[in-house]
2 protein chains.
Amino acid sequence: MFSNTAKYAIKACLFLAVNSSEVNKLVIKDIAEPINVPSAYIAKILQALSKKDIISSTRGPKGGFYLTGDQLQTKVMQIIEAVDGEERLNSCLLSLEKCNSDNPCSLHHLVFDEKNKINERLKKTTLEDLRQHIMRGESILPL
Amino acid sequence: MFSNTAKYAIKACLFLAVNSSEVNKLVIKDIAEPINVPSAYIAKILQALSKKDIISSTRGPKGGFYLTGDQLQTKVMQIIEAVDGEERLNSCLLSLEKCNSDNPCSLHHLVFDEKNKINERLKKTTLEDLRQHIMRGESILPL
DNA sequence: GATATTTTATGATAAAAATCATATTTAAGA
DNA sequence: TCTTAAATATGATTTTTATCATAAAATATC
Ligand code: FES
Ligand code: FES
């Protein structure tokens, strides 16, 4: 459903949401290890997220990655789009093109409503929402 | 969501469901062109489907691919699994492992019910179902 | 200002997925 | 039985995705 890159990006953001702050920055190694992603790889992903202002970073000693209050309001969908591009989640199940309700493919009716519901949730749910969910012990951050 | 290979496989099976029969076999070129898939590629996919008995084939002159009555009862999910393997649709959204409701990841609650509903439908819906849907003009076979 | 520590920019390599190519086998029909 | 039309087996190539590596730039602290 998502690319590895997208999964890793979400895990990293979530880890930052739970464990970092403006005064508690995290260095690459301290992110890569707990979320179990090769550190050179997550480094590249973090760079991209930082460039798109989804996460914050400062370099040099005492530097690292963190989220601002604003960035806790980032929607999950924005993270996915930042690394995977927009198309992936809207593509039709049978063609490589956009899904189209006016000219539905043969599988369209089997999935459209549910896919839509999922997409709506991904567009609405913020990192802060997920953070609270985790804090309440209702879900985990898998390795 | 699906690999190109899976999309192509479903399109090809559907095309056979609508246009072929034991007495009206179709040759690779007559499948590849209308569904708009490179013929060397679809050939390879058809070979795999044939080996798994999801479609039928005979070689030599007057040969080609077709579906038997039994094969019209193939479930969409079986086609996907035949070419992509079983894991893809059950993998957790955040880890690369199996989705697990006892230890739900942070995105689990956003998608589980819907993903399940979709999977159930893919497991239940047959090529014959889809064929009728197309015949009734309720959906199309995209190129 | 020199040094150490961090991100950033860039690109190389590896693995997987998609695509292309072709020689071999099978079966029909002349 | 020969020729021809088809699938089948096999493998090569290309493209995309995932992963690894490193030199350059920035900043805190001494
Ligand atoms: S048109 Fe194919 S999934 Fe909507
Ligand atoms: S545990 Fe991650 S999607 Fe179910």
Side-chain angles (χ1 to χ4, degrees), chain A residues 1-12 16 20 22-33 35-67 80 82-85 87-88 91 94-96, chain B residues 1-13 16 20 22-33 35-67 80 82-85 87-88 91 95-96:
Chain A
M1 189 157 191
F2 304 156
S3 65
N4 280 3
T5 302
K7 290 182 178 186
Y8 293 166
I10 296 170
K11 281 211 283 185
L16 286 173
S20 83
E22 208 130 357
V23 298
N24 186 22
K25 298 166 189 162
L26 296 181
V27 100
I28 285 174
K29 196 162 65 74
D30 294 338
I31 301 171
E33 271 174 18
I35 68 174
N36 202 36
V37 175
S39 78
Y41 193 18
I42 199 65
K44 202 167 217 176
I45 296 171
L46 291 174
Q47 285 171 32
L49 292 172
S50 173
K51 193 180 267 181
K52 303 217 175 185
D53 207 37
I54 286 175
I55 66 178
S56 302
S57 66
T58 57
R59 35 185 172 182
K62 290 275 168 188
F65 295 93
Y66 62 98
L67 298 185
I80 297 169
V83 296
D84 273 1
E87 284 79 55
R88 194 175 188 118
S91 85
L94 285 190
S95 81
L96 292 332
Chain B
M1 191 157 188
F2 304 156
S3 67
N4 282 3
T5 302
K7 291 182 177 185
Y8 295 165
I10 296 171
K11 282 212 281 185
C13 287
L16 286 172
S20 84
E22 208 131 356
V23 299
N24 185 24
K25 297 166 191 163
L26 296 181
V27 100
I28 284 175
K29 197 162 65 73
D30 294 338
I31 302 171
E33 271 173 18
I35 68 174
N36 201 36
V37 174
S39 78
Y41 192 17
I42 199 64
K44 202 166 215 177
I45 296 172
L46 291 174
Q47 284 171 32
L49 291 172
S50 172
K51 193 180 267 181
K52 302 215 176 188
D53 206 37
I54 287 175
I55 66 179
S56 302
S57 67
T58 58
R59 37 185 172 182
K62 291 277 170 185
F65 295 94
Y66 62 98
L67 298 185
I80 297 170
V83 296
D84 274 0
E87 283 79 53
R88 194 175 189 118
S91 85
S95 79
L96 293 331

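Note on naming: letters A, B, ... go to the chains in the order of the sequence lines (proteins, then strands), and numbering restarts at 1 for each one.
- Atom P of nucleotide C/dT6 and atom CD of A/Q47 are separated by 15 Å, given to the nearest angstrom.
- When distances run from any side-chain atom of B/N4 to the nucleotides C/dT19, D/dA7, C/dT7, the shortest one goes to C/dT19.
- Closest to the side chain of B/R59, out of C/dT19, D/dA6, C/dC20, is D/dA6.
- A/K7 has its NZ atom 13 Å from the C1' atom of D/dA18, to the nearest Å.
- Checking A/G60 against A/S39, the closest nucleotide of DNA chain D that is more toward the 5' end is the one next to A/S39.
- With D/dA18, D/dT8, D/dA12 as the candidates, the nucleotide lying closest to the side chain of B/K44 is D/dA12.
- One can place OH of B/Y41 at 14 Å from C1' of D/dT13, the figure rounded to the nearest angstrom.
- Two residues, A/A40 and B/K29, neighbour DNA chain D, and the one matched to the more 5' nucleotide by heavy-atom proximity is B/K29.
- As rounded to whole Å, 11 Å separates atom P of C/dT7 from atom CG of A/L16.
- Listed pair B/S57 / D/dA6 fails the phosphate criterion, with no side-chain N or O lying under 4.0 Å from OP1 or OP2.
- Atom CG of B/D84 and atom P of C/dA16 are 15 Å apart (whole Å).
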**Request:** Starting from the C-alpha separation in whole Å, work towards a yes-or-no answer on side-chain contact (heavy atoms from CB on, under 4.5 Å) for A/V23 and A/Y66.
**Result:** CA-CA 9 Å; A/V23 298; A/Y66 62 98; over 6 Å; no
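- To the nearest 0.5 angstrom, A/K29 atom NZ is 11.5 Å from A/I31 atom CD1.
- Note on A/I55: nothing from the nucleic acid sits closer than 4.0 angstrom, heavy atoms only.
- Separating the CD atom in A/Q47 from the CD1 atom in A/I42 is a distance of 11.0 Å, to the nearest 0.5 Å.
- Ranked by how close their nearest DNA chain C nucleotide is to the 5' end, A/K51 and B/A6 are led by A/K51.
- What separates OH of A/Y8 from C1' of D/dT19 is a distance of 9 Å, to the nearest Å.
- When heavy atoms are screened at a 4.0 angstrom cut-off, B/K25 is found touching no nucleic acid atom at all.
- B/L46 places none of its side-chain heavy atoms less than 4.5 Å from the side chain of B/S57.
- Atom CG of A/L16 and atom CG of A/L67 lie 5.0 Å apart (nearest 0.5 Å).
- Distances were taken from every side-chain heavy atom of B/T5 (C-beta onward) to each of D/dT10, C/dA18, C/dA28; the shortest belongs to C/dA18.
- Atoms CD1 (B/I28) and C1' (D/dA5) sit 12 Å apart, rounded to a whole Å.
- Across D/dT4, D/dA28, D/dT8, the shortest atom-to-atom separation from the side chain of A/P61 is found for D/dA28.
- In this structure, B/K7 fails the cation-pi test against B/F2, since its NZ or CZ atom is not both closer than 6.0 Å to the six-membered ring centre and inside 45 degrees of the ring normal.
- What separates CG of A/L46 from C1' of C/dT6 is a distance of 13 Å, to the nearest Å.
- The side chain of B/S3 lies closest to C/dA18, out of C/dA18, C/dT19, C/dA28.
- The phosphate of C/dT8 has OP1 or OP2 within less than 4.0 Å of a side-chain N or O from A/S50.
- Distances were taken from every side-chain heavy atom of A/P38 (C-beta onward) to each of D/dT19, D/dT8, D/dC20; the shortest belongs to D/dC20.
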